[in-house]
Amino acid sequence: MSVDWTPERIEILTQLWSEGIATSEIGRRLDVTKNAVVGKVHRLGLPKRQSPIQRKPAKKKKAPEPEVITMDKLRPGMCAWPIGDPGMPGFHFCGGKSTEGKPYCEPHCEQAYVRNVKEDKNAKKAAAAAAAAKAKAKAK
DNA sequence: CCCTGATTCGC
DNA sequence: GCGAATCAGG
């Protein structure tokens with residue numbers, strides 16, 4: 001098994017790969033499995049081969065579906081920011097963690113109380129100041 | 001079935 | 001970051 005991917009081994013790997021050598025062959029050459037080779041190659045960002053292969057959206061392991069938050073899924077503590085048009089099919093909510101005492105998550109809270117300012121210099125200035133203050137507070 | 005590379009996911 | 005398992009095309 002591979003002890004470490006030394007620069008030399010990576011160089012050999014890259015060289016063989018660029019020469020069009022099969023992963024299994026490279027693996028034999030470096031005494032690693034072909035999976036290790038293809039994994040490393042992919043990680044190094046080397047040019048791909050055999051392009052027309054398109055993998056499935058990954059099943060069999062888990063179901064990391066973002067789960068759309070419909071009305072019945074919406075519970076206290078979840079952001080009630082509406083997504084889509086109420087009454088229309090597929091209407092749902094953000095569902096993120098809402099801020100304490102507020103019906104929306106933080107990003108949507110910001111949107112919620114945005115005033116109808118357009119090209120207001122003061123607003124920009126205030127926003128910048130607020131951002132700076134926030135960053136400063138966070139840095140602490 | 002064999003080969004190939006691609007992607008995911010536990011470590 | 002690594003690579004086995006798994007997936008997909010040929």
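Just so it is clear: chains get the letters A, B, ... in the order the sequence lines come, proteins before strands, and each one is counted from 1. Side chains are part of it too, since the values below use all heavy atoms of this structure and drop only hydrogens, waters and symmetry mates.
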Inset, instruction - Tell me which residues in residues 10-20 of chain A put a heavy atom below 4.0 Å from DNA chain B, sorted by number, or none. - result: none

Inset, instruction - Whole angstrom is fine here: how far is it from CG in A:Leu44 over to P in B:dA6? - result: 13 Å

Inset, instruction - Check A:Leu13 against A:Val41 and note the closest heavy-atom contact, atom names and distance. - result: CD1-CG2, 3.7 Å

Inset, instruction - Establish whether A:Met71 and A:Met78 are linked, either directly or via other cluster members, by ILVMFWY side-chain heavy-atom contacts under 4.5 Å. - result: yes

Legend entry - Interatomic distance where CZ belongs to A:Arg28 and P belongs to B:dC3 [whole Å]: 10 Å

Legend entry - Under 3.5 Å side-chain donor-acceptor pair for A:Gln15 and A:Glu11: no

Inset, instruction - To the nearest Å, give me how far apart CZ (A:Arg43) and P (C:dG1) are. - result: 8 Å

Legend entry - A:Trp81 and A:His108 aromatic ring geometry - parallel, tilted or perpendicular at 30°/60° bounds: parallel

Inset, instruction - Take the protein atom CH2 of A:Trp5 and the nucleotide atom P of C:dG3, then report the distance between them rounded to whole Å. - result: 6 Å

Legend entry - Donor + acceptor pair across side chains of A:Asp72, A:Thr70 (<3.5 Å): yes

Legend entry - Whole angstrom value for the distance that separates P of C:dA4 from NZ of A:Lys40: 14 Å

Inset, instruction - Tell me whether A:Val38 is reachable from A:Trp5 by hopping between hydrophobic residues (I, L, V, M, F, W, Y) whose side-chain heavy atoms are closer than 4.5 Å. - result: no

Legend entry - Nucleotide C:dT6, atom C1' - distance to NZ of A:Lys34 in whole Å: 10 Å

